[in-house]
Amino acid sequence: MAISVVGAILNQLSLLLHQEYTHLRGLRQGLQFINDELCSMRAFLRDVEAQSEQNNELLQEWVKQVREAAYDIEDVIDECMLFFAPFHVSNIYNPTKTLNTRHRISNKIKEIKDRVENIFARHQRYKLDYGFYERESNSIGTDENIVRHIRQRALLLEEAELVGIDVPKKELLGHILDRDNLHLKVVSIVGMGGSGKTTLVRRVYEDANVKRLFQCHVWVTISQTFEIKVILKDLIQQLHTENMEHVPLEVESMDVDGLKVFINHFLQGKKYIIVFDDIWRTDAWEDLIYALPDCDFGSRVMLTTRIDDVASASCQQHHGYLYRMKSLDDDMSWTLFCNKSFQDKYCPPHLESISRKILDKCEGLPLAIVSIGGLLLLKINNDRLEEWEKVYRTLSNEFECHGKLDRVKRILLLSYNDLPYYLKGCLMYISIFPEDSKISSELLIRRWIAEGLVQEREGLSCLETAEEYLNELVCRSLVQVLDRDIHGLPQEYHIHDLVREITLSKAKEHGIITIFKGRDTKGLENARRLIVHDFKNDPKKELVHSKHLRSLTIFRYVDDHKYTSSLLKFFCGKSKLIKVIDFVDSMLENIPKEVFKLYHLRYLNLQGSKVKFIPKNIKNLQNLEFLNLLNTQVIELPSEILKLRKLRELYVCHYGDYSNDYAVSGFKAPNEIGRLFSLQNLFFIEAKDGEILKEIGKLNQLRGLGITKLRKEDGKQLCFSLEKLKNLRKLHIVTINEDEILDLHHPISTIPMFLQHLLLDGHLEKIPSWVPSLQGLTQLNLFKSGLKKEEMATLEMLPNLLQLVLVQAYEEEEMWFQTGGFRKLKLLFLVQLKRLRKVMIEEGAMPDLKEVQMVACKSMEEVPKGIENLRGLQQVRLYEMSMDLIGDLENGKQGGICENYQRIAHVPEVFIGNFVDGKWDGHYL
């Protein structure tokens, strides 16, 4: 996107023009001219770019020239800033070198100046000769409050809530729950992309009856670029995760045949249901089915596919059943359309005729209906007939070619074209992720920021602006939500294959990204953002060096640290202007020295790598904003890290085994860590003394903070520092050992009013006096706290608490939940409360509770009294509980007289698990 590129360049030019070294003769004047011209171009591009997506080739060519000129300007600016970077300061005192560099840069600026003048003059000719006119401002809308309100309302509508799904769901459930057929049965669902296959199967898979009937539940998503070994390992991982087991180490070294044998052996004697979502080839299906045993236990396999041959082949054996997706009928289509286009589900009479004409173009395809409905919803003047007529006229032109898939793609392309200029680049960027990826919201928005795709809005931080961008893409049905947190906010996203196909082609067309899969090297010499998928060879043999490279991301590594190190050396040694490096889960052991010469580097993600040591020359990375060393072997940072004054995110910690306890280790920080004034997230710093805790109080931009190895005597200083952190949202505190007192009972004059998530790991003599004042607290996790009844009474008054986790944190034999307590609590976890014998829930307590988990509370011989009053409870999970209690529940399930069972008979899902013969095993009642 030309306008995104121009906007990012203007930000850099602004910084450069304020630097002292730009007073060097011949540079400032040329740079100022380019800055002024680009400002004019940016204003004009806001109107041009929407039309350049149409069929005006002259405008498309003009925009392309603007983009290429902007890229060249970026190269010149970055080279200039690199030459005068602090660790190259000796260059300034080398007259010959300085003169040569200044002369070279001045010549480049002059060339670009001439190009910009010609391009800007050319646009005037386009405007006159080809009748270009400005878009109506009302079609975009300028009222940000209205836009935000519409967006929030749209987020309330779950995209998966498609009409017409109950009948096919009931039909499929009949085949899945068929108790008369004990053979392995395959149910195949076939239909085109966007027809709702995955949504339908997900509803069946998540049905409470299905959860109860089967011992093992696995959902595997298959991509078009199928890799049997990766899929088999994923299947093994899910099977072990569900049983709360670790995957045996020998699995990593197994070949494909060994993995199949392992899966077959694991599933012997078990009743399982496995979903394979989106299979493209019959050989992929054959590879998978041979790993699954038919033990006459009534196991089931479901698969979705767009390919009829795959569906037919899968049903030829194993008592298969084939279900073909049907388009929605007129009534169902109208209901879905109204749900999406009009949040009150009511179509104004004056829009009904045009709405039905628009709906006819969708031909009953859910994806098309939801997409066009989302587009219409975000029209500010939603009820103007002229706006809807304009959409219909555009749709009519888009549906000329034959084939339903092409038609849907054109609808989605229309949604893309309707995006504001600032969202197009962000949407195109999402296509860097491999097909069918689960995309973390935190990862995505930080990548957007590092790549310069986000420009701050007035009153919002860059992070908050990026979150707004993502929410708007969800509202427009171009990005789908996969998972939500306790607040109902999206955590993981997915981009539909058809949307990805469109955005990927656009991203390549606009030069946003270059994806390399180890085959065609065409175009790599001009790559600016290089995404490497499945690359396994020596980079010097296949990749063409690009001096323009700004971003390098590797997905799916081979297990070879020499390869990873070689790849980094190759690019960082040749490409001096890289700003983003993402090598998550690589085998890298040492960071090549070439990385620390990347003055422009903003984003360095080495999470899950084998890196052990951060050298002192990290000080050279003056523009670094994001450093992720999560789950590496780094335990200490050098004092030179304090030179990185732009650093906003710092993660240096290692998480241990969560099966029994919360285990996390932090890092030793330099003494003056408070000099990193820009830090917003810091996890996890060791509290080696009071001075470090005093330094933390200087980091007044912190939103997230993790502290380990806290001692009792340092609690007072920590409280003094916390009252200065007014922006804090998340706080994790861990003591130096499990016997240490966590002394936080000191007054905090100004509590962090935005704090939402609090984790305290250590013995509390009593609940800190400031905790009940945390009005915004939604998640509270307490480990080894030693709470008494009176402390529970204090906690239950927290007005907005949604999740309470108690691990070895309660010392009494009885726990009471009183009427009116925990008014908004949804999740309750009681873990390893060894003395707990009884839990009493008074009527009116925890009225919104949805899930209860109890783990290893072995002194309990009955389920909580009063749990029968929790009519909204959806799930109870009991692990490693008293054998007498479990036996009593099993007896009640079989029809015996059992008060315990009667208390939870209304709960849709009750799961029982135990540790047997060295592994977790469990089932639904």
Side-chain angles (χ1 to χ4, degrees), residues 158-179 181 184-191 193-223 231 234-243 263 266-267 270-279 285 288-289 291-292 297-306 310-311 314-315 318-325 366 436 438 480-484 492 494 496-497 850-851 874-875 877 907-911 913 922-925:
E158 291 286 348
E159 300 297 353
E161 295 293 334
L162 301 179
V163 298
I165 206 169
D166 292 335
V167 172
K169 176 187 173 182
K170 183 177 180 180
E171 181 177 346
L172 293 182
L173 278 174
H175 292 275
I176 298 300
L177 302 176
D178 181 8
R179 296 178 182 270
N181 184 356
L184 175 63
K185 185 173 185 176
V186 177
V187 177
S188 297
I189 296 87
V190 62
S195 59
K197 301 184 299 296
T198 300
T199 299
L200 172 59
V201 174
R202 176 68 73 177
R203 293 295 181 82
V204 173
Y205 176 77
E206 293 181 347
D207 186 89
N209 293 316
V210 173
K211 292 290 186 183
R212 290 194 192 99
L213 186 61
F214 297 92
Q215 294 172 273
C216 299
H217 312 76
V218 178
W219 182 290
V220 181
T221 300
I222 313 295
S223 66
I231 296 301
D234 181 26
L235 201 158
I236 292 172
Q237 179 66 57
Q238 290 194 52
L239 288 170
H240 283 76
T241 299
E242 185 181 48
N243 288 333
I263 293 170
F266 185 94
L267 292 175
K270 294 183 174 67
K271 187 172 186 175
Y272 59 85
I273 181 169
I274 298 177
V275 175
F276 296 115
D277 187 30
D278 205 16
I279 297 183
W285 162 252
L288 292 167
I289 193 60
L292 307 179
F297 279 91
S299 295
R300 301 289 184 259
V301 174
M302 301 182 73
L303 68 90
T304 69
T305 181
R306 307 175 192 188
V310 174
S314 65
C315 291
H318 304 289
H319 311 275
Y321 174 74
L322 192 152
Y323 179 84
R324 298 185 184 279
M325 295 296 297
D436 296 321
K438 294 179 180 180
Q480 300 166 340
V481 177
L482 282 182
D483 188 32
R484 298 178 183 271
E492 286 188 333
H494 170 70
H496 192 279
D497 291 345
K850 303 299 181 187
E851 179 179 346
Q874 298 296 311
Q875 189 176 94
R877 303 182 74 88
V907 181
E909 294 184 15
V910 178
F911 185 85
H923 62 278
Y924 286 90
L925 274 183

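Because the structure is a prediction, the values reported are computed rather than measured.
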Between [atom1] on residue [X] and [atom2] on residue [Y], distance to nearest 0.5 Å:
{"X": "Asp277", "Y": "Thr305", "atom1": "CG", "atom2": "OG1", "result": "10.0 Å"}
{"X": "Ile263", "Y": "Ile274", "atom1": "CD1", "atom2": "CD1", "result": "7.5 Å"}
{"X": "Phe276", "Y": "Thr304", "atom1": "CZ", "atom2": "OG1", "result": "11.0 Å"}
{"X": "Ile222", "Y": "Leu288", "atom1": "CD1", "atom2": "CG", "result": "5.0 Å"}
{"X": "Glu851", "Y": "Glu909", "atom1": "CD", "atom2": "CD", "result": "9.0 Å"}
{"X": "Lys185", "Y": "Ile273", "atom1": "NZ", "atom2": "CD1", "result": "11.5 Å"}

Min side-chain heavy-atom separation [X]-[Y] under 4.5 Å:
{"X": "Ile176", "Y": "Tyr205", "answer": "no"}
{"X": "Lys170", "Y": "Leu173", "answer": "no"}
{"X": "Lys211", "Y": "Phe911", "answer": "no"}
{"X": "Val187", "Y": "Val201", "answer": "no"}
{"X": "Arg212", "Y": "Pro908", "answer": "yes"}

Considering non-hydrogen atoms only, spot the tightest contact between [X] and [Y] and give its length.
{"X": "Lys169", "Y": "Arg203", "value": "CE-O, 3.8 Å"}
{"X": "Val204", "Y": "Val210", "value": "O-CG2, 3.3 Å"}
{"X": "Ser314", "Y": "Trp285", "value": "CA-NE1, 3.3 Å"}
{"X": "Ser299", "Y": "Lys270", "value": "OG-O, 3.4 Å"}

With a 3.5 Å distance limit and no angle check, can you tell me whether [X] reaches the backbone of [Y] through a side-chain donor-acceptor pair?
{"X": "Gln215", "Y": "Lys271", "value": "yes"}
{"X": "Tyr272", "Y": "Val301", "value": "no"}
{"X": "Arg300", "Y": "Gly298", "value": "yes"}

Can you list the steps and then say if Leu239 with Leu267 is a side chain to side chain contact (heavy atoms under 4.5 Å, CB included)? CA-CA 9 Å; Leu239 288 170; Leu267 292 175; 4.0 Å; yes
For the residue pair Phe214 and His217, categorise the inter-ring angle as parallel (less than 30°), tilted (30 to 60°) or perpendicular (more than 60°).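 Taking His217 first and then Phe214, their aromatic rings stand perpendicular (interplane angle over 60°).
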Under a 4.0 Å N-O cut-off, is there an ion pair linking Lys438 with Asp483?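 Answer for the salt bridge query: no.
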